[in-house]
Amino acid sequence: MNLIDFTLPEIVFLEPSEHLEDEMGGRTVIQHTGSHTIMEVIATDEVEGLNFKAGTKTYEFEYLNLYGVVENHIFAVHFTLNEGDLTDVFKQCAEWYRAYLSWEDRNILEDEE
């Protein structure tokens with residue numbers, strides 16, 4: 001019998017339950033476990049507009065993809081227990097998400113070959 005390491009990575013994707021079909025409509029949500037922050041990642045180039053509730057904490061960042069195109073993104077916080085400044089959390093999550101996008105780009109490139 002294996003023992004389970006009952007810890008979570010610093011940042012994880014939150015995914016909907018498949019038995020309820022696509023209840024999130026393809027949206028991307030992550031959790032920063034250390035700060036107990038749940039945020040949505042939005043590719044701003046792929047939406048017509050954004051309308052957040054007043055007081056929603058957001059953070060804009062860019063990703064330079066493998067084709068040299070800048071992709072604009074924004075984090076929008078759904079929930080956090082951190083009442084202070086989230087700048088360091090946002091920066092850490094942006095770095096993590098850029099690494100994910102880079103991994104995805106490499107997979108796409110391999111599939112094209």
Side-chain angles (χ1 to χ4, degrees):
M1 177 182 270
N2 293 333
L3 293 176
I4 296 173
D5 177 7
F6 201 68
T7 60
L8 291 173
E10 189 69 20
I11 304 165
V12 295
F13 283 107
L14 298 181
E15 302 211 2
S17 178
E18 291 183 18
H19 78 284
L20 297 174
E21 298 180 23
D22 190 15
E23 65 184 332
M24 290 187 47
R27 294 163 38 207
T28 303
V29 178
I30 64 174
Q31 177 175 327
H32 182 268
T33 56
S35 66
H36 307 285
T37 301
I38 297 172
M39 63 187 91
E40 190 149 345
V41 186
I42 302 160
T44 57
D45 300 327
E46 297 176 9
V47 296
E48 291 183 26
L50 300 167
N51 186 19
F52 300 119
K53 290 190 272 186
T56 299
K57 294 180 181 184
T58 62
Y59 180 82
E60 295 180 33
F61 66 100
E62 296 177 340
Y63 167 66
L64 181 63
N65 69 25
L66 292 178
Y67 302 102
V69 176
V70 173
E71 299 176 10
N72 297 295
H73 293 81
I74 190 169
F75 290 136
V77 174
H78 284 284
F79 175 84
T80 186
L81 290 179
N82 184 338
E83 295 183 18
D85 184 25
L86 289 173
T87 301
D88 290 339
V89 170
F90 285 141
K91 287 180 179 179
Q92 182 183 6
C93 289
E95 181 180 322
W96 178 86
Y97 195 72
R98 283 186 196 104
Y100 165 73
L101 292 174
S102 180
W103 175 82
E104 282 283 16
D105 281 354
R106 287 190 307 276
N107 286 335
I108 293 168
L109 194 60
E110 287 176 10
D111 288 346
E112 290 177 352
E113 294 176 349

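Residue indices begin at 1 and follow the sequence shown.
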Student: Applying the 4.5 Å side-chain criterion to the ILVMFWY set and letting contacts propagate, would Leu64 and Leu101 be lumped into a single cluster?
Tutor: no

Student: Judged by atom type as modelled, is there a donor-acceptor pair below 3.5 Å linking the side chain of Thr33 to the main-chain atoms of Glu10?
Tutor: yes

Student: Under 3.5 Å, is there a donor on one side chain and an acceptor on the other for Glu62 and His73?
Tutor: no

Student: Applying the ring pair (Phe, Tyr, Trp, His ring centres under 6.0 Å) criterion to Phe61, which one of Trp96, Phe90, Phe75 satisfies it?
Tutor: Phe75

Student: Got a second to check how far Leu86's CG is from Ser35's OG, nearest 0.5 Å?
Tutor: 6.0 Å

Student: Between Asp105 and Tyr100, is any side-chain donor less than 3.5 angstrom from a side-chain acceptor?
Tutor: no

Student: Quiz question: by atom type and distance under 3.5 Å, do the side chains of Asp5 and Thr7 form a donor-acceptor pair?
Tutor: yes

Student: Is the distance between the ring centroids of Trp103 and Tyr97 less than 6.0 Å?
Tutor: no

Student: Look at the side chain of Asp45 and the backbone N and O of Asn72, then say whether any donor-acceptor pair between them is shorter than 3.5 Å.
Tutor: yes

Student: Could you check whether any side-chain heavy atom of His78 comes within less than 4.5 Å of a side-chain heavy atom of Thr37, counting everything from C-beta outward?
Tutor: no

Student: Flag yes if more than 12 heavy atoms outside Asn65 fall under 6.0 Å of its CG atom; otherwise flag no.
Tutor: yes

Student: With side chain to side chain contact (heavy atoms under 4.5 Å, CB included) as the test, would you mind laying out the steps for Phe52 and Thr58 before giving the verdict?
Tutor: CA-CA 9 Å; Phe52 300 119; Thr58 62; 3.8 Å; yes

Student: Under a 3.5 Å cutoff, is there a donor and acceptor pairing between the side chains of Arg106 and Ser102?
Tutor: yes

